[in-house]
Amino acid sequence: MPFTLPALPYEKNALEPHIDAATMEIHHGKHHKAYVDNANKALEGTKFADMDPITVIKSLADLPDDKRGPVRNNAGGHVNHSMFWQIMAAPGNGGGGEPTGPLAAAINASFGSFAAFKEKFQDAGAKRFGSGWAWLCVMPGGKVEICSTPNQDNPLMGKAIAGCDGTPILGLDVWEHAYYLKYQNKRPDYMAAWWNVVNWAKVSENFSNAGGK
Ligand code: MN3
């Protein structure tokens, strides 16, 4: 079955004022849709066409040489954005605040405090030259680590391809298409505002599904 564009779990204006409706409209309806369409085009006629997108991005080494690049970018884009919509929610209505429970404890154990974690995470996003993502991942053993990948790479692709590994539970899109309409060149302002829409309940669920402790 070809990949399909998942519906947003909220209205396009739900994340305002931090992420504007026009950005959401283009980001989801045009950019994410293009990743879905181009991934389907690249996978058509291969045995990977019937796999779920996460299995596909974990299997890049097995893809035919002429498919690997397009699938890395577009199936990667599909997986990354599918998670991105889910880990956000309307500010004050599921979005914002701080993690609680085991996830809060894991963040404190790895980074010392929530404030220190946020600073390190934003730093990973700020230092990503050009386009890419900042991630919080659960590592084997259950502890959490921060990393950053270029373009639409995902830690699930493995260290040899993406430059880091682990299971992502939180991802921040730092492509200009994610913020340029509202924030222009001010990526740090976008990243600082984004905390107001992070859905920590969903990230906690991801943490426990990924074996975090
Ligand atoms: Mn994007």
Side-chain angles (χ1 to χ4, degrees), residues 2-43 53-54 56-57 60 69-91 95 121-137 146-157 161-164 167-199 202-203 206:
F3 303 153
T4 53
L5 180 68
L8 287 175
Y10 33 71
E11 297 299 318
K12 291 185 176 68
N13 63 2
L15 306 182
E16 295 209 0
H18 309 291
I19 302 183
D20 58 292
T23 295
M24 290 300 290
E25 166 95 40
I26 297 167
H27 199 178
H28 175 260
K30 306 286 187 200
H31 290 279
H32 189 173
K33 180 164 192 307
Y35 296 125
V36 168
D37 292 347
N38 289 328
N40 286 335
K41 223 175 283 173
L43 291 168
I54 288 183
V56 170
I57 68 163
L60 289 177
V71 171
R72 177 180 180 177
N73 290 334
N74 292 290
H78 177 39
V79 169
N80 295 350
H81 289 84
S82 296
M83 168 187 262
F84 189 53
W85 313 132
Q86 293 290 331
I87 54 90
M88 298 190 288
F121 189 87
Q122 280 188 226
D123 194 52
K127 285 189 177 141
R128 169 52 54 197
F129 182 77
S131 298
W133 291 75
W135 303 101
L136 180 66
C137 292
I146 289 168
C147 76
S148 159
T149 57
N151 303 313
Q152 295 297 354
D153 286 356
N154 183 299
L156 294 173
M157 293 173 182
I161 292 173
C164 65
T167 304
I169 60 170
L170 174 74
L172 172 57
D173 189 341
V174 298
W175 284 57
E176 281 189 345
H177 71 219
Y179 62 86
Y180 203 85
L181 288 182
K182 184 175 170 72
Y183 296 94
Q184 292 81 47
N185 59 320
K186 298 184 285 286
R187 185 190 288 182
D189 291 2
Y190 155 70
M191 292 191 299
W194 178 73
W195 298 110
N196 292 299
V197 297
V198 172
N199 180 346
K202 182 65 189 177
V203 181
N206 293 343

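As the structure lists them, so they are numbered: ligands from 1, and atoms in each ligand from 1.
- Below 30°, between 30° and 60°, or above 60°: for His27 and Phe84 the angle between ring planes is between 30° and 60°, a tilted geometry.
- For the side-chain contact (heavy atoms from CB on, under 4.5 Å) test, residues two or more places apart in sequence or in another chain that qualify with Lys33 are Leu5, Asp37.
- Take a cut-off of 2.8 Å around the Mn ion (ligand 1): the protein N, O or S atoms inside it are His27 NE2, His81 NE2, Asp173 OD2, His177 NE2.
- Heavy atoms of other residues, nucleotides or ligands lying less than 6.0 angstrom from CD1 of Ile54 number 12 at most.
- Cys164 has its SG atom within less than 2.5 Å of the SG atom of Cys147.
- Note on ring orientation: taking the six-membered ring where Trp is involved, the planes of Tyr35 and Trp175 are perpendicular (angle over 60°, cut-offs 30° and 60°).
- By the 4.5 Å heavy-atom criterion applied to side chains, Trp133 and Met83 are not counted as neighbours.
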